[in-house]
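Residue numbers start from 1 in every chain, and the chains themselves are labelled A, B, ... in the order their sequence lines are given, proteins ahead of strands.
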Amino acid sequence: MSTYTCELAVSNPDELVFGSAPKPVRCGFDMEIGAGTVFPEVNFTLPAMEISDATWGEVVGHYEEMARNVLKRAVSLQAPGIVLEFELLPPMTERPEWGAEITALLRRHLAAAYEKSGLKSALRVTPTDIRDQGKPPLLRTGEAWEKLKRSFELCIAAGADIVSIESVGGKEVHDLGLMYGDLRSIVFALGCLAPRDMAWLWDHISAMCAEAGGRTVPGGDTACGFANTAMQLAHQKMLPEVLAAVVRAMSAARSLVAFEHGAVGPSKDCAYEGPILKAITGCPISMEGKSAACAHFSPLGNIAAAMCDLWSNESVQNVRLLSGNAPEAYAELLSYDCRLMNVAARNGQSKLLRDWLTESDEWLSPQAAILSAPAAWEIAEAIVNAGDGYQRCLAAGHAAAGILRRAVDEGRLRLPAKELLWLERIEAGLREMPSAETGLWDEMLEKHAGVFEPSSYGWPHFDLGH
Amino acid sequence: MSTYTCELAVSNPDELVFGSAPKPVRCGFDMEIGAGTVFPEVNFTLPAMEISDATWGEVVGHYEEMARNVLKRAVSLQAPGIVLEFELLPPMTERPEWGAEITALLRRHLAAAYEKSGLKSALRVTPTDIRDQGKPPLLRTGEAWEKLKRSFELCIAAGADIVSIESVGGKEVHDLGLMYGDLRSIVFALGCLAPRDMAWLWDHISAMCAEAGGRTVPGGDTACGFANTAMQLAHQKMLPEVLAAVVRAMSAARSLVAFEHGAVGPSKDCAYEGPILKAITGCPISMEGKSAACAHFSPLGNIAAAMCDLWSNESVQNVRLLSGNAPEAYAELLSYDCRLMNVAARNGQSKLLRDWLTESDEWLSPQAAILSAPAAWEIAEAIVNAGDGYQRCLAAGHAAAGILRRAVDEGRLRLPAKELLWLERIEAGLREMPSAETGLWDEMLEKHAGVFEPSSYGWPHFDLGH
Amino acid sequence: MSEPSRLYQAILEGNAKDALAITQQALAEGANALELVNGHMIPAMDEVGRRFENEDYFVPELLLSARAMKAALDLIRPQLASSGAQPAGRVVIGTVKGDLHDIGKNLVASMLEGGGFEVHDLGADVPPEKFIEAVRTTGADIVALSALLTVTMPAMRTTIEALSQAGLRDRIKVMVGGAPVTDQYAREIGADGYSENASAAVALARRLMAARTAA
Amino acid sequence: MSEPSRLYQAILEGNAKDALAITQQALAEGANALELVNGHMIPAMDEVGRRFENEDYFVPELLLSARAMKAALDLIRPQLASSGAQPAGRVVIGTVKGDLHDIGKNLVASMLEGGGFEVHDLGADVPPEKFIEAVRTTGADIVALSALLTVTMPAMRTTIEALSQAGLRDRIKVMVGGAPVTDQYAREIGADGYSENASAAVALARRLMAARTAA
Ligand code: B12
Ligand code: B12
Ligand code: SF4
Ligand code: SF4
Ligand SMILES: [Zn+2]
Ligand SMILES: [Zn+2]
Ligand SMILES: [Zn+2]
């Protein structure tokens with residue numbers, strides 16, 4: 001039975017707007033995400049400090065304080081609802097009990113705010129994908145995977161309403177591909193390796209949610225380790241922006257696999273490929289942009305909001321600002337951002353505001369150009385019309401490169417010479433790719449021997465697809 | 001000759017929109033403020049540290065770093081222009097050479113960015129009003145005033161494009177008025193004392209700008225020490241919100257005096273009374289809201305943007321966030337906020353976005369309710385139709401209380417009982433005020449003997465008005 | 001007797017005039033000073049504090065009550081002193097050098113007074129020497145420092161160091177506060193306590209007094 | 001002779017195959033190894049660095065050049081060694097314990113290699129013991145630590161302390177980097193240098209080597 005999606009859930013780009021998704025998600029304390037309202041998703045983390053038995057009391061104190069402040073702010077601003085994201089730090093996944101303890105603590109705060117003030121809310125918990133410790137990483141066996149699995153189980157039991165992960169399968173090859181601008185390795189990583197790990201991993205995650213009674217929603221994954229790495233490197237002028245744009249599009253083919261294996265949304269905030277996923281799956285998406293400048297700079301500040309269902313600050317440390325602590329300040333900022341979107345929606349004008357948010361960024365960066373509603377929809381369509389993971393990845397790449405080329409030719413997008421050079425290289429590279437993934441295997445097995453472990457991707461059944 | 005404004009520069013509330021002011025201001029490197037585009041005004045300050053001879057090198061290093069990062073971000077995001085605000089810290093006004101040194105440093109960075117990347121920009125410099133050191137404060141004589149004056153002179157000479165101040169005349173009485181919820185003292189401070197100091201002070205500031213050749217623009221003042229203090233206290237549930245709202249409206253009568261004595265805008269960011277000032281004077285205004293949550297929480301996050309010409313983050317310390325340093329992160333955030341407004345303007349839809357920004361907050365707080373375009377315009381009209389400073393202050397108070405009362409009666413604004421009680425108290429208090437300020441003098445001179453120094457307000461010519 | 005509960009009421013309502021009159025009458029009728037304070041006045045201020053915490057009272061209500069309390073207390077103090085009763089503690093309070101923000105400090109001072117402390121308010125922009133002098137002349141138990149500017153926070157440390165150098169540090173407890181101050185910072189600079197707001201400051205001061213007596 | 005400027009060109013273009021072939025031929029024709037390195041290869045990498053700084057080159061271009069440089073260098077090394085020439089310095093580099101981010105560290109390592117340093121890359125998630133062992137076995141001049149997580153920054157301090165305890169601290173210079181690291185933090189934990197990016201890291205390493213020789 002094929003699990004490949006062959007149809008779009010959103011029938012035309014005009015239906016891709018913020019706040020509304022064809023398949024809303026109910027979870028947490030009376031939250032319904034994607035049903036017409038955009039909610040803030042507030043993310044927070046520790047300031048620079050060690051996590052150890054000795055400091056654990058302090059760690060707990062920080063989370064208590066962050067939860068208290070953020071919820072106080074949400075109540076005071078009469079937010080229609082709020083999602084908190086708890087991204088475990090690596091030691092909290094290494095010792096799963098720690099992650100579960102914080103999960104329970106946050107859940108208690110949400111429960112209290114719901115009871116006392118009627119604040120609707122949900123808690124997203126994101127264990128760290130620690131499976132890439134080995135060289136090559138072992139993804140399906142070994143201690144790291146055991147701990148990761150246990151972390152999911154305990155966090156689900158401790159009250160997570162949504163679980164997510166930023167999974168790393170394929171990244172070991174993708175990193176090299178990026179550094180050398182080597183498109184063949186990039187496609188192999190995103191189209192052949194990552195989807196296999198995603199399918200396997202998300203089958204497990206969905207099963208864990210179901211086994212625990214189904215109260216916890218399997219949210220989604222993000223191509224953070226792939227496309228955001230490329231975006232950050234492009235931001236630092238280390239990689240061409242056109243490469244980051246094409247990688248982003250191709251990464252959607254990878255992140256989609258979570259949904260084909262149980263995820264129902266809301267997708268993870270840092271998955272800027274979200275609009276493409278929303279077009280394909282109809283599931284609500286979390287996005288981040290200008291109000292996540294605390295965590296990442298990006299050329300996607302406004303356009304990222306255009307189709308979001310949750311609006312996030314990505315991550316901010318519990319440091320003191322002049323007004324109060326940073327997580328509280330970001331809770332306020334996001335609440336106002338959401339209010340504006342919700343006002344436009346209430347006035348039946350979501351599409352107009354969406355188009356302004358898009359126009360703001362669209363032609364100032366190739367990375368933005370491929371994320372407008374029409375562009376996302378075009379890439380989404382290319383993906384569902386293609387075959388396996390490899391072909392979907394290639395199709396997305398071709399679609400993105402095509403969008404950029406047309407924009408350049410028609411004078412909407414102006415690129416410096418060195419970016420144009422790379423756009424040509426990418427186009428040529430895509431054209432030269434074999435039509436089926438088998439055509440890449442020998443080359444990649446040789447080139448990256450020792451870098452990735454084939455059995456982590458199901459080898460010797462590698463050839464069976466995911 | 002009377003300097004009282006008797007007519008509104010903006011003939012109806014619909015013309016009050018962001019980005020456009022009847023009297024744009026040209027300054028700095030090719031900036032034109034209020035001529036159709038909203039620009040970010042980025043404010044930054046030192047992290048927790050001492051300022052002394054020993055640390056001065058470090059201080060300079062911080063400002064170098066902040067300027068470099070903020071301008072880099074503005075260039076990278078292709079901002080159409082940017083204003084930097086340098087708010088002197090008290091020791092930098094105490095030793096005017098210090099403030100001038102940083103002014104020159106920032107100006108150098110702006111010049112370099114203009115030359116290298118064509119980035120338009122202007123530098124606003126705001127010396128600290130240190131005249132309130134004594135008890136009672138001496139405003140027109142003594143060392144503090146001499147230093148303050150010198151600080152203006154040196155900063156103007158060092159290249160400030162715009163100068164502002166957050167002046168404190170009348171605050172010594174206003175603070176007490178707020179703490180005891182004593183409306184008579186509040187009106188006396190805002191309507192009798194403050195305007196006299198403002199007139200005197202702004203005559204001096206405008207003269208200093210003119211004497212230096214007129215390259216430096218006298219920007220404007222802010223009722224920060226009055227209305228923002230009330231707002232912060234209301235935020236902390238220490239004062240009723242309705243009182244903060246009425247104080248805000250009355251403070252416009254005070255801040256207006258700067259414009260009647262030489263200021264031409266852009267007004268100071270933290271003057272949330274800006275829309276009222278813009279309606280009266282037609283000068284561009286700087287505002288701050290959700291993206292200043294780093295510095296202040298407020299119930300005005302979106303509505304504050306509705307009529308702004310500059311959009312500010314108020315103040316953020318040079319601390320490290322996950323993305324980079326905070327000033328750079330805020331430069332990004334503000335740039336995107338401005339882009340959205342400018343897109344709407346480009347599409348001829350400023351008013352629509354303005355109305356959404358307004359609807360977002362208007363009925364969730366009395367402080368927001370008095371700052372919509374129609375409300376601001378109504379208060380502005382009340383002010384210009386009234387007589388002297390005292391009567392303008394009272395008129396503004398009546399107008400604001402009236403707006404709140406109508407909104408309560410018509411069910412648009414819902415207030416808890418304890419706020420309603422205070423609204424009644426305020427209405428009664430306003431009704432009981434004498435019709436001319438002379439009716440307050442004896443009472444106030446007795447009640448606040450030793451708290452304020454009459455000669456600081458022109459006594460014995462106190463009765464001559466300003 | 002019905003007077004003291006009228007006294008309770010007068011303080012609760014922030015009516016200084018009534019509070020004074022009632023106290024005067026009660027004393028004239030031979031009421032026990034300590035009983036007036038502990039049985040009626042402090043309970044009234046505790047209720048005021050509770051209402052403030054609950055956000056039923058705003059600052060003006062609270063300050064008017066504190067003012068009524070203080071008026072009545074001033075009247076009673078001679079009797080109290082002669083009966084050997086002590087204030088809850090003696091506090092020297094001020095905003096540190098270079099910092100002119102005094103609203104928060106004033107609030108803390110009023111609440112401490114309302115809580116039965118004897119408060120010596122040195123105002124704003126207070127150099128270390130002044131704190132030292134005040135500790136010496138008042139015999140203070142507690143020094144309370146306020147700072148609102150990040151650039152004046154270091155002056156808290158300097159003030160504490162100056163108190164040490166003056167040989168006074170062991171005799172007193174130091175509490176600190178103000179928006180930018182944190183618990184951690186308080187510990188770093190060697191203060192004995194920090195609180196976020198004015199009502200918590202009273203509780204803190206009481207804890208510090210208890211610790212002092214215990215030690 | 002025209003070979004070395006073709007060598008310069010091959011490295012500049014990141015063409016490892018050509019770079020190898022040209023070097024081989026030049027050596028066969030009796031070219032001076034040191035002259036090849038100093039006169040052509042290092043200048044080529046300097047130009048690469050300059051283009052990268054100027055944002056004319058992206059990382060892939062830079063890494064391909066570094067790879068070409070390394071290929072040619074590996075070929076020449078025996079001759080260099082026999083002529084007594086030394087690498088610019090020996091560097092042990094790694095991402096500290098608990099931290100798996102290695103992209104930045106890899107870049108720094110490549111740039112250092114391109115700059116003529118002998119680089120021993122220990123990978124990511126490297127415990128202090130491993131750094132100590134590597135310093136001992138390689139005779140390193142410099143230890144370079146990378147961290148991308150605020151929670152692993154303290155491991156930099158621990159690593160430096162471990163180097164001290166192992167009696168190695170005086171023998172080496174420590175440089176640190178990674179997005180959350182600051183100059184100030186570097187000073188706080190007793191590192192000898194910090195740099196913001198990979199090209200600055202090469203300049204820093206050269207400065208540290210100079211300081212080392214001077215001392
Ligand atoms: C009002 C105000 C002013 C007024 C001060 C009026 C007055 N008489 O105090 C005026 C306008 C004069 C002013 C001036 C300045 N200000 Co001012 N001001 C404020 C504002 C808006 C509110 C402060 C306030 O009164 N809060 C209300 C009180 C009740 O709260 P609180 O002080 O925190 O006190 C409570 C607790 O902290 C605690 N507490 C306080 N003290 C103590 C002590 C003890 C022992 C304990 C236990 C507890 C405790 O209990 C209190 C009650 O719950 C703040 C903004 C803000 N969000 O805080 C800025 C703020 C403090 N000011 C700021 C600045 C920069 C300035 C100026 C330098 C501006 C300038 N460039 O001119 C000058 C400095 C003058 C000087 N030398 O001090 C910055 C400080 C930034 C920084 N780097 O530190 C702030 C944070 C504004 C901002 N976001 O940028 N300011
Ligand atoms: C890519 C990435 C990942 C990838 C890593 C891939 C890899 N192989 O390295 C993946 C997805 C695996 C990942 C995982 C995680 N990450 Co991560 N990641 C990033 C990201 C997007 C980019 C980092 C990067 O490679 N930058 C590009 C390189 C070139 O820059 P650089 O590392 O800074 O290096 C340069 C300089 O710093 C310097 N330099 C670096 N090292 C050295 C050393 C010396 C000696 C010198 C002189 C100079 C120097 O030179 C380099 C070149 O110029 C950043 C976000 C960001 N904006 O930085 C987050 C970020 C670092 N990650 C973060 C987090 C939280 C995580 C996770 C914990 C997420 C989770 N909950 O699962 C895990 C942790 C895993 C672990 N145990 O380490 C946070 C850290 C927050 C915090 N509290 O510290 C960041 C900041 C994202 C964010 N905004 O929240 N991450
Ligand atoms: S985008 Fe940033 S926060 Fe999100 S997963 Fe990637 S590194 Fe982590
Ligand atoms: S609002 Fe805040 S920043 Fe602005 S003047 Fe007032 S205290 Fe200063
Ligand atoms: Zn993330
Ligand atoms: Zn201000
Ligand atoms: Zn300001």
Side-chain angles (χ1 to χ4, degrees), chain A residues 45-52 55 59 88-94 128-135 137 144 168 171-172 174-183 186 225 229-230 232-234 236-244 295-297 315 317-319 416-419 421-422 425, chain D residues 14 16 51-68 94-111 121-127 147-158 178-182 184-185 188-189 196-199:
Chain A
T45 190
L46 296 177
M49 68 179 291
E50 217 178 333
I51 302 180
S52 66
T55 63
V59 168
L88 278 68
L89 288 159
M92 301 171 175
T93 308
E94 291 286 345
T128 327
D129 193 347
I130 53 175
R131 295 174 303 156
D132 57 353
Q133 288 166 343
K135 294 245 152 177
V168 295
K171 198 185 58 63
E172 65 281 40
H174 194 264
D175 278 353
L176 288 170
L178 278 186
M179 300 311 284
Y180 287 96
D182 167 9
L183 199 69
I186 290 174
T229 300
Q232 289 309 310
L233 292 172
Q236 295 172 38
K237 309 281 183 205
M238 295 196 171
L239 281 183
E241 277 219 74
V242 289
L243 180 60
H296 296 287
F297 297 122
S315 190
Q317 294 173 276
N318 195 32
V319 292
K418 57 180 185 165
E419 290 276 349
L421 178 72
W422 272 92
R425 282 189 194 158
Chain D
R51 293 195 182 180
F52 186 65
E53 294 275 297
N54 270 358
E55 301 177 357
D56 291 330
Y57 268 13
F58 293 111
V59 163
E61 282 98 343
L62 181 132
L63 286 184
L64 291 171
S65 289
R67 195 188 258 182
T95 305
V96 295
K97 192 162 159 19
D99 200 322
L100 296 173
H101 293 84
D102 63 1
I103 298 177
K105 184 264 300 165
N106 293 348
L107 265 182
V108 173
S110 299
M111 282 296 283
D121 186 346
L122 308 183
D125 191 15
V126 181
L148 265 283
L149 294 170
T150 49
V151 289
T152 56
M153 281 167 64
M156 288 183 154
R157 189 196 289 270
T158 325
V181 182
T182 61
Q184 201 201 327
Y185 186 75
E188 262 177 51
I189 61 172
E196 251 197 351
N197 57 52
S199 13

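In this structure, no portion of D/Leu62 lies under 4.5 Å from any heavy atom of chain A. Interface remark: D/Asp56 contributes backbone atoms only to the contact with chain A (heavy atom separation under 4.5 Å). Heavy atoms closer than 4.5 Å to chain D are found nowhere in A/Thr45, neither backbone nor side chain. For chain A, the nearby parts of D/Leu63 are the backbone and the side chain; heavy atoms of each come within less than 4.5 Å. Looking at A/Met179, the atoms closer than 4.5 Å to chain D (heavy atoms on both sides) sit in the backbone and in the side chain alike. Contact of A/Gln317 with chain D is made through the side chain alone, with heavy-atom distances under 4.5 Å. For A/Pro240, the parts lying near chain D are the backbone and the side chain together; criterion is any non-hydrogen pair under 4.5 Å.
Counting heavy-atom pairs closer than 4.5 Å to chain D, the top residue among A/Gly181, A/Pro91, A/Ala48, A/Pro47 is A/Ala48. For the set A/Leu233, A/Leu89, A/Leu176, A/Asp132, the entry with the most heavy-atom pairs within less than 4.5 Å of chain D is A/Asp132.
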Can you list the steps and then say if D/Thr152 with D/His101 is a side-chain contact (heavy atoms from CB on, under 4.5 Å)?
CA-CA 11 Å; D/Thr152 56; D/His101 293 84; over 6 Å; no

Do A/Glu94 and D/Lys97 pass the salt bridge (Lys or Arg N to Asp or Glu O under 4.0 Å) test, and can you show the C-alpha distance, the side-chain angles, and the key distance before you say yes or no?
CA-CA 13 Å; A/Glu94 291 286 345; D/Lys97 192 162 159 19; over 6 Å; no

Should A/Leu46 and A/Met92 be marked as a side-chain contact (heavy atoms from CB on, under 4.5 Å) after you check the CA-CA gap, both sets of side-chain angles, and the distance that decides it?
CA-CA 12 Å; A/Leu46 296 177; A/Met92 301 171 175; 4.3 Å; yes

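Although no hydrogens or angles enter the test, the distance criterion places no donor-acceptor pair under 3.5 Å between the side chain of D/Thr95 and the main chain of D/Leu100.
Atom NZ of A/Lys135 has 12 or fewer neighbouring heavy atoms from other residues, nucleotides or ligands inside a 6.0 Å radius.
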